[in-house]
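Remarks on the structure that follows.
Heavy-atom basis, side chains included; hydrogens, waters and symmetry copies ignored. To find a chain, count down the sequence lines: A is the first, B the second, and so on, and within it residues start at 1.
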2 protein chains.
Amino acid sequence: MTVMDTARADVLYCQNEVKPNPRPDGEDRYTISEVAAVSGLSAHTLRWYERIGLMPHVDRSQTGQRRFSNRDLDWLRLVAKLRLTGMPVADMVRYAELVREGESTVAERKELLLATRENVLGRIAELQGTLAVLDHKIDIYTTAKA
Amino acid sequence: MTVMDTARADVLYCQNEVKPNPRPDGEDRYTISEVAAVSGLSAHTLRWYERIGLMPHVDRSQTGQRRFSNRDLDWLRLVAKLRLTGMPVADMVRYAELVREGESTVAERKELLLATRENVLGRIAELQGTLAVLDHKIDIYTTAKA
DNA sequence: CCCTTGCTTGGAGTGCGCTCCAAGTCCGTA
DNA sequence: TACGGACTTGGAGCGCACTCCAAGCAAGGG
């Protein structure tokens with residue numbers, strides 16, 4: 001999936017005002033298809049994320065089906081944001097590992113987020129440069145037509 | 001190549017002040033390795049771009065070797081900028097076709113660039129949203145440590 | 001009891017954008 | 001004339017991020 005595609009794949013996670021989770025804590029045992037609907041990720045992708053270690057351990061029903069919690073939804077929201085920056089999945093897996101390791105990794109996690117932040121700032125600058133080129137070209141086409 | 005990688009791959013094409021072409025018009029018959037050095041793209045990639053129709057017809061020496069012109073360099077600069085926006089290669093090939101078809105396609109080309117422009121604006125907004133999330137997280141880690 | 005629906009798994013397949021390989025040609029220098 | 005280095009081609013291979021498949025299990029309705 002290119003970054004360009006990502007832009008339209010998201011149902012919930014791209015809006016700047018974040019919707020609250022569909023159910024209150026205590027009743028948050030979502031099936032995989034509910035999470036798929038709410039997150040815009042496919043059930044396939046959700047299972048794959050778990051397989052590669054990008055999800056914290058997801059709870060299961062008595063029959064072995066996944067039951068996602070509000071915490072899981074919050075985590076997916078963060079993951080979606082990080083994906084949007086172009087961060088490779090492997091790096092996000094690393095971040096997930098740090099979270100699982102607990103409090104001792106807080107400094108390293110912060111470093112990782114700071115590096116990502118720099119990256120995002122850089123890309124915004126790049127895109128603004130591209131915008132200038134685009135506007136220049138568009139201007140040429142506009143005046144050429146007249 | 002992810003968008004994240006793109007950021008460091010470019011030698012010339014990412015700077016906002018564009019360097020002039022290495023040689024003046026009339027002496028602009030660059031070999032593929034010269035273009036590779038100056039553009040930051042590999043010779044492999046340059047040949048591949050030509051194969052898929054992303055380059056205008058490149059001139060050849062008597063022995064069949066490519067000789068790139070200043071126009072080709074300019075085109076590659078534009079392509080690099082468009083790649084940076086996440087525009088799929090297939091879309092750029094379409095744009096290249098329009099250019100080859102001549103003046104009659106100016107309106108369609110302008111449409112394409114306008115759509116790309118909207119896309120870029122959208123992505124900048126996304127990234128700024130992500131920045132806010134990142135700053136929030138970083139802030140949490142900072143105050144938690146203190 | 002069967003049918004449908006939704007879930008489970010490991011592993012295979014897909015699309016994109018390169019990236020590299022093998023085998024051969026051409027050219028400048030010694 | 002021999003050698004090294006840069007170039008040519010078609011086609012195969014790779015890494016990433018999914019995306020799908022086959023086979024099977026569990027629960028609910030007619």
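- Between B:Arg83 and C:dC18 there is a side-chain polar atom (N or O) within less than 4.0 angstrom of OP1 or OP2.
- Phosphate contact (OP1/OP2 of D:dC7, side-chain N/O of B:Ser33, threshold under 4.0 Å): present.
- Set against D:dC20, C:dG17, D:dC7, the side chain of A:His44 has D:dC20 as its closest nucleotide.
- Pairs passing the salt bridge (Lys or Arg N to Asp or Glu O under 4.0 Å) check and including a residue from residues 42-55 of chain A, sequence neighbours excluded, read A:Glu50-A:Arg60, A:Glu50-A:Arg66.
- Two residues are said to be in side-chain contact when any heavy atoms from C-beta on lie closer than 4.5 Å; B:Leu78 and A:Lys137 meet this criterion.
- Side-chain atoms of B:Thr116 and B:Asn119 form no donor-acceptor pair, as typed in the model, at a separation below 3.5 Å.
- B:Tyr95 and A:Tyr141 have perpendicular rings, their planes meeting at more than 60° on a 0 to 90° scale where under 30° would count as parallel.
- Under the rule for a side chain to side chain donor-acceptor pair (under 3.5 Å), the partners of A:Lys110 that lie at least two apart in sequence or sit in another chain are B:Thr142.
- Atom-to-atom, CG of A:Leu41 to C1' of D:dC18 comes out at 11 Å; the value is rounded to the nearest Å.
- Side chain to side chain, A:Asn21 and A:Tyr30 fail the donor-acceptor criterion of an N or O pair below 3.5 Å.
- Separating the CD1 atom of B:Ile32 from the P atom of C:dC26 is a distance of 17 Å, rounded to the nearest angstrom.
- Atom CZ in A:Arg51 sits roughly 7 Å away from atom C1' in C:dG10 (whole-Å rounding).
- Rounded to an integer number of Å, the gap from CD1 of B:Ile52 to C1' of D:dG11 is 16 Å.
- The only option from B:Val79, B:Leu76, B:Thr45 that meets the side chain to side chain contact (heavy atoms under 4.5 Å, CB included) definition with B:Leu54 turns out to be B:Val79.
- Rounded to whole Å, the distance from CZ on A:Arg47 to P on C:dC7 is 7 Å.
- Rounded to an integer number of Å, the gap from CG of B:Leu46 to P of C:dT19 is 11 Å.
- Against DNA chain C, the stretch residues 54-68 of chain B makes heavy-atom approaches under 4.0 Å through B:Thr63.
- In this structure, A:Trp48 places its CH2 atom 10 Å from P of D:dC16, rounding to the nearest Å.
- If you take CE of B:Met87 and C1' of C:dG17, they are 16 Å apart, rounded to a whole angstrom.
- Of the candidate nucleotides D:dC7, C:dC7, C:dT19, D:dC7 has the atom nearest to the side chain of B:Thr31.
- Picking from D:dC18, C:dG17, C:dC7 the nucleotide with the shortest atom distance to the side chain of A:Tyr49 gives D:dC18.
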